[in-house]
Amino acid sequence: MEYDFRKIEQAWQNKWKENKTYAVSNESAKPKYYVLDMFPYPSGAGLHVGHPLGYIASDIYSRYKRLKGFNVLHPMGFDSFGLPAEQYALETGQHPATTTEKNIATFKAQLDKIGFCYDWEREVRTSDPQYYKWTQWIFLQLFNSYFCNTQKKARPIADLIKKYETKGNKNFTAEQWNAFTKKEQEDILMNRRLAFSKYGEVNWCEALGTVLANDEVVNGLSERGGHPVEKKKMRQWYLRITDYADRLLEGLETVDFSESMKEMQRNWIGKSEGAEMEFGIVKHHASDMSGDSQLTTHNSRLTVYTTRPDTIFGVDFMVLAPEHELVAQITTPERKAAIDQYLHYVKSRSERERLAEAKTITGCFTGAYAINPFDGREIPIWIAEYVLAGYGTGAIMAVPCGDQRDFAFAKHFDIPITNIIGGHFNGEEANATKDAVLENSGFLNGLFMKDAIGIAVNKIEELGIGKRKVNYRMRDAGFSRQRYWGEPFPIIWTDGVAIPLDAEELPLELPHVDTYGPGPEGEGPLANITEWVNSPQGRRETSTMPGYAGSSWYFLRYMDPNNETTFCDRKASHYWNQVDLYIGGTEHAVGHLLYSRMWTKVLFDLGLIGFEEPFKKLLNQGMIQGSSRFVYRIAGTNQFVSYGKKHEYDVQTLHVDVNIVDGVELQIDAFRKWKPEFADAAFIFEDGTFSLACNTGAIKDMKYICGVETEKMSKSKYNTVNPDELCEKYGADTFRMYEMFLGPVEASKPWDTKGIEGVHRFLRKLWRLFNDDLKGKVWNEDKGSDAELKVLHRTIKKIEEDTERFSFNTAVSTFMICVNELADMKCHKKEVLEKLLILLTPYAPHIAEDLWNQLGNEGSVLDAAFPTFNPALLVELTKEYPVSINGKLRTSIALALDLEQPAVEQLVLQNEIVQKWLEGKAPKKIIFVKNKMINVVI
RNA sequence: GCCCAUGUGGCGGAAUUGGUAGACGCAGCAGACUCAAAAUCUGCCGUUCGCAAGGGCGUGAAGGUUCGAUUCCUUUCGUGGGCACCA
């Protein structure tokens with residue numbers, strides 16, 4: 001009986017479905033374990049071999065945990081709202097719901113072929129009204145909450161209203177509040193809501209007709225499509241994620257994410273601690289006769305933000321952002337023309353140019369001076385575009401000896417530089433050290449900069465000219481998209497006030513539209529449907545929520561997917577709790593992961609769930625790149641020259657389908673069939689021989705070698721490999737194990753189908769331990785020998801360790817070694833093989849189930865218990881040998897003889913170098929280790 | 001520029017805590033079986049000296065710590081990723 005993987009896999013996949021083998025219950029006495037994949041966006045292109053990498057890893061781990069006695073939740077769903085479906089609708093007129101439905105069906109069929117253990121009963125789709133009903137509901141929770149700065153948590157906005165009604169706040173009394181109009185009250189509340197609306201500068205992309213989030217903009221271009229992006233003022237919804245900045249940072253300490261992932265999030269949040277301080281401003285007016293200048297003190301004060309208040313005596317100039325409100329007030333008449341010219345120049349420059357020419361130094365002196373409060377020095381105030389209006393106070397104090405940008409600016413405009421760090425400053429470049437001893441620094445002289453920071457801030461606070469201040473780089477998250485295919489906002493605008501829908505009115509379903517094109521004045525397509533927009537209560541919000549809305553909480557819905565009365569029953573979320581293992585790519589490091597962490601914290605604050613970090617452990621799978629193949633066509637001909645000979649000709653390099661290349665050797669016939677234009681292609685082979693167009697035979701020994709390059713996997717580069725085809729050709733089990741065998745899950749690597757044969761051979765070899773191709777069944781019920789049990793238990797130990805540490809590639813190797821050894825020993829014993837099958841189940845579930853049943857077992861191997869490793873079988877003996885050391889007799893040497901490596905023995909010694917064994921067996925080499933351990937080679 | 005990874009045969013990679021470097025697989029070479037092919041099996045497979053036994057050198061490079069370093073430290077180079085006027 002041969003290994004007929006097609007039959008086996010089909011049969012078992014059907015059986016799993018019929019028996020609901022993977023159904024998961026919320027009621028179980030077992031401990032729980034929650035394994036989650038980042039759910040996919042169901043694109044029209046289907047899966048390529050890169051997608052399943054993480055899914056296979058999570059599937060292996062889920063099955064492993066189930067064998068280990070856990071009740072495992074391992075669901076799958078679809079992030080089905082999003083731009084591509086809408087772009088496609090725009091082009092073809094097909095409703096996104098239709099194409100999405102179709103794409104999901106394709107994805108599910110592809111996923112099922114690989115044999116994943118998903119409980120499809122728990123599937124979620126973000127575009128399903130029964131799902132987005134709760135996305136809208138959570139949005140309303142955000143809308144109806146504020147961040148309490150004393151308790152550092154979200155609270156119902158009703159609490160805040162009550163406080164205003166009874167106590168007022170620092171800006172108004174309770175009486176004043178109660179006298180405000182509804183609109184005035186709502187405007188004040190809007191400033192506190194966690195989901196709020198305001199006019200803001202947004203990233204407007206003309207080409208896409210929509211607003212993009214910061215992380216969707218790369219270098220001034222849209223991430224998708226690479227269209228130019230500009231600033232535009234619009235009423236937008238935002239999430240007040242900045243209020244959670246500190247807790248998002250603190251939470252990172254409690255989760256098991258990779259260091260680089262945490263670093264990326266910290267970087268994005270960009271917390272910096274420093275001080276805000278005020279400076280007085282003076283203007284000099286050229287006087288008419290004496291030539292002396294006349295001094296005017298200005299009323300306004302200049303507030304700057306700095307992280308280095310210790311460098312206050314090194315401030316040689318101030319820089320305001322060109323947009324800074326003080327610019328107009330402080331500019332002297334003499335400088336007005338120059339400043340206006342500079343402002344005009346800045347305005348003419350797009351975001352892109354500013355970023356592209358970041359190194360170019362520009363700026364303009366305002367004519368005004370700030371006064372250093374400690375030594376009374378007059379400090380010229382400049383404006384320059386390198387200072388950003390949106391960060392800190394939009395104004396900085398420049399310390400050229402300590403900051404490279406300030407240094408470059410000072411050099412460029414010939415501003416004299418004060419050195420406050422003595423020998424640490426070489427006059428050639430700035431030195432941002434904190435270790436220098438301060439000089440020329442008044443009351444800070446002689447102090448280490450590190451110590452001076454605190455002392456300076458204290459002094460500043462004492463004098464009432466500034467205070468400690470923490471700044472964040474992160475901005476509140478834009479939450480509106482001028483798009484159709486997203487969740488509609490459950491909001492109606494009445495007299496400029498946003499009125500939320502009642503929970504009973506949810507879901508607010510997406511209405512049908514005739515066109516997916518943008519609405520008037522930058523609004524989304526929904527604005528075109530007047531009958532929908534104009535409800536009796538007022539005008540509906542026409543923008544929709546961004547892609548990350550639905551994905552910010554989907555892990556909760558899996559726990560209780562069909563609940564119609566709440567987003568997730570408290571009992572279910574209490575049972576399943578945090579996601580124990582979350583697997584996905586690094587591309588969501590700052591977007592999805594930050595948003596879902598925030599939502600979780602809000603839901604926790606409001607008492608709706610019992611934990612505030614969604615993901616306990618995050619495992620980042622690497623990207624699988626494509627390995628492209630190239631052929632070289634001699635320009636103007638239909639002749640192709642092999643890689644080694646291409647330099648002798650003038651050639652065009654063409655991508656060739658990687659699937660018709662064996663390693664690097666082109667399959668000539670397949671190539672001729674690939675595209676009609678190549679049907680009569682002629683070849684010059686690697687050895688220089690030549691093949692005529694018509695000659696397809698007799699080229700056995702002549703090889704056409706292709707060029708190779710690693711690129712992103714994409715259809716247009718003909719380097720995609722379809723998992724369906726591999727499953728068809730080698731089987732899902734081979735495919736799964738090969739993907740794992742390729743290397744560590746976390747590593748990015750190019751796909752290469754070549755090695756898959758090796759894994760396939762291994763599974764066939766395994767099969768032959770049970771069945772002979774001719775004789776049929778060969779397994780027997782004999783007792784396993786010591787040697788065989790030793791092989792088995794070494795494998796148990798290794799597989800358990802490898803799986804626990806997600807080292808799936810070495811686990812596959814372990815299986816290969818085990819099967820090779822058992823085959824060498826001609827071991828066909830049920831006692832040994834049965835255990836091996838249990839170990840193998842997570843990796844190759846189909847063949848394991850089949851052989852398990854062949855051994856006479858009923859039901860699924862998943863319900864078997866993971867075998868226990870018996871250490872006694874590995875360590876054969878522990879004895880004490882007397883040993884002669886430097887001629888003297890020593891005893892008490894414990895010898896742990898590990899039969900895995902009979903040539904090597906590890907010893908634990910008490911003293912110096914061992915020379916000889918007393919019992920005549922002289923070791924070849926003895927390596928002594930500090931009173932501890934040595935290696936002995938016999 | 002800053003931050004984080006990472007560098008091992010022809011290739012993917014292993015070496016888990018500082019202890020036989022190159023497991024396992026691919027490719028390659030030689031052989032067995034076969035009329036032949038496929039399948040399967042056996043041996044070789046970092047480099048160098050040697051008939052061999054055996055030795056020298058080898059984990060990007062240079063130093064250091066250690067009895068011992070792919071592993072730890074310093075410097076440096078290459079590759080990949082993230083951030084990029086954030087004061």
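Throughout, protein chains are lettered first and strands after them, A, B, ... in sequence-line order, and every chain is numbered starting at 1.
Among the nucleotides B:rU16, B:rC41, B:rA87, the one closest to any side-chain atom of A:I396 is B:rA87. You'll find that the side chain of A:P744 is closest to B:rA14, out of B:rC4, B:rC41, B:rA14. Here B:rC24 is the nucleotide among B:rC4, B:rC24, B:rG13 with the atom lying nearest to any side-chain atom of A:I817. Of the candidates B:rA14, B:rG25, B:rA87, B:rG25 carries the atom nearest the A:N820 side chain, counting heavy atoms from C-beta on. For A:R473, whose side chain is taken as the heavy atoms from C-beta onward, the closest listed nucleotide among B:rC41, B:rC83, B:rU16 is B:rC83. Listed candidates were B:rC24, B:rA87, B:rU40. Nearest to the side chain of A:R761 is B:rU40. Which of B:rC83, B:rC24, B:rC41 sits closest to the side chain of A:N267 comes down to B:rC83. Of all nucleotides listed (B:rA87, B:rA27, B:rC4), B:rA27 comes nearest to the side chain of A:K754. Comparing B:rC3, B:rA14, B:rA87 by their closest approach to the side chain of A:E263 singles out B:rC3. Residue A:F741 places its side chain closer to B:rG12 than to any other of B:rG13, B:rG12, B:rC4.
Computed from coordinates, the A:L252 CG to B:rC3 C1' distance equals 16 Å when rounded to whole Å. Atom CD of A:E746 is separated from atom P of B:rA14 by 10 Å (rounded to the nearest Å). In this structure, A:F407 places its CZ atom 17 Å from P of B:rG1, rounding to the nearest Å. One atom, CZ of A:F762, and another, P of B:rU40, lie 14 Å apart when rounded to the nearest Å. What separates CG of A:L320 from C1' of B:rA87 is a distance of 13 Å, to the nearest Å. Across the protein-nucleic acid pair, A:M261 atom CE and B:rC83 atom P stand 11 Å apart, rounded to whole Å. If you take CZ of A:F808 and P of B:rC24, they are 22 Å apart, rounded to a whole angstrom.
At the phosphate of B:rA87, neither OP1 nor OP2 sits under 4.0 Å from any side-chain N or O atom of A:Y386. Applying the 4.0 Å criterion to OP1 and OP2 of B:rC24, one finds that A:N809 has every side-chain N and O outside that range. The phosphate of B:rC4 (OP1 or OP2) has no side-chain N or O of A:K262 nearer than 4.0 angstrom.
Comparing B:rU16 with B:rA21, their C1' atoms sit 15 Å apart, to the nearest whole Å. With C1' as the reference atom, B:rG60 and B:rG55 are 27 Å apart, rounded to whole Å. For B:rG12 and B:rG63, the C1' atoms lie 32 Å apart once the distance is rounded to whole Å. Taking atom C1' in both B:rA37 and B:rC45, one finds a spacing of 26 Å when rounded to whole Å. A distance of about 13 Å separates the P atoms of B:rG25 and B:rU40, rounded to the whole Å.
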Going through the checks in order, is the salt bridge (charged side-chain N to carboxylate O under 4.0 Å, His left out) test met by A:E253 and A:R266? CA-CA 11 Å; A:E253 306 301 323; A:R266 288 194 197 106; 3.8 Å; yes
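Among the heavy atoms of the strands lying under 4.0 Å from A:S260 are primed sugar atoms or P, OP1, OP2 only; no base atom is included. Residue-level contact check: A:K798 touches the bases, meaning some heavy atom is under 4.0 Å from a base atom. Nucleic acid contact for A:D772: none, since no nucleic acid atom lies under 4.0 Å from a heavy atom of the residue. Among the atoms of the strands shown, none is found under 4.0 Å from any heavy atom of A:D403.
Below 30°, between 30° and 60°, or above 60°: for A:F869 and A:H793 the angle between ring planes is between 30° and 60°, a tilted geometry.
Side-chain contact of A:N471 with A:S272: a donor-acceptor pair under 3.5 Å is absent, judged by distance alone.
Salt bridge present: A:K797 and A:E801 bring a charged side-chain N and a carboxylate O closer than 4.0 Å.
Applying the 90° criterion around 0 to the glycosidic angle, B:rG9 comes out syn.
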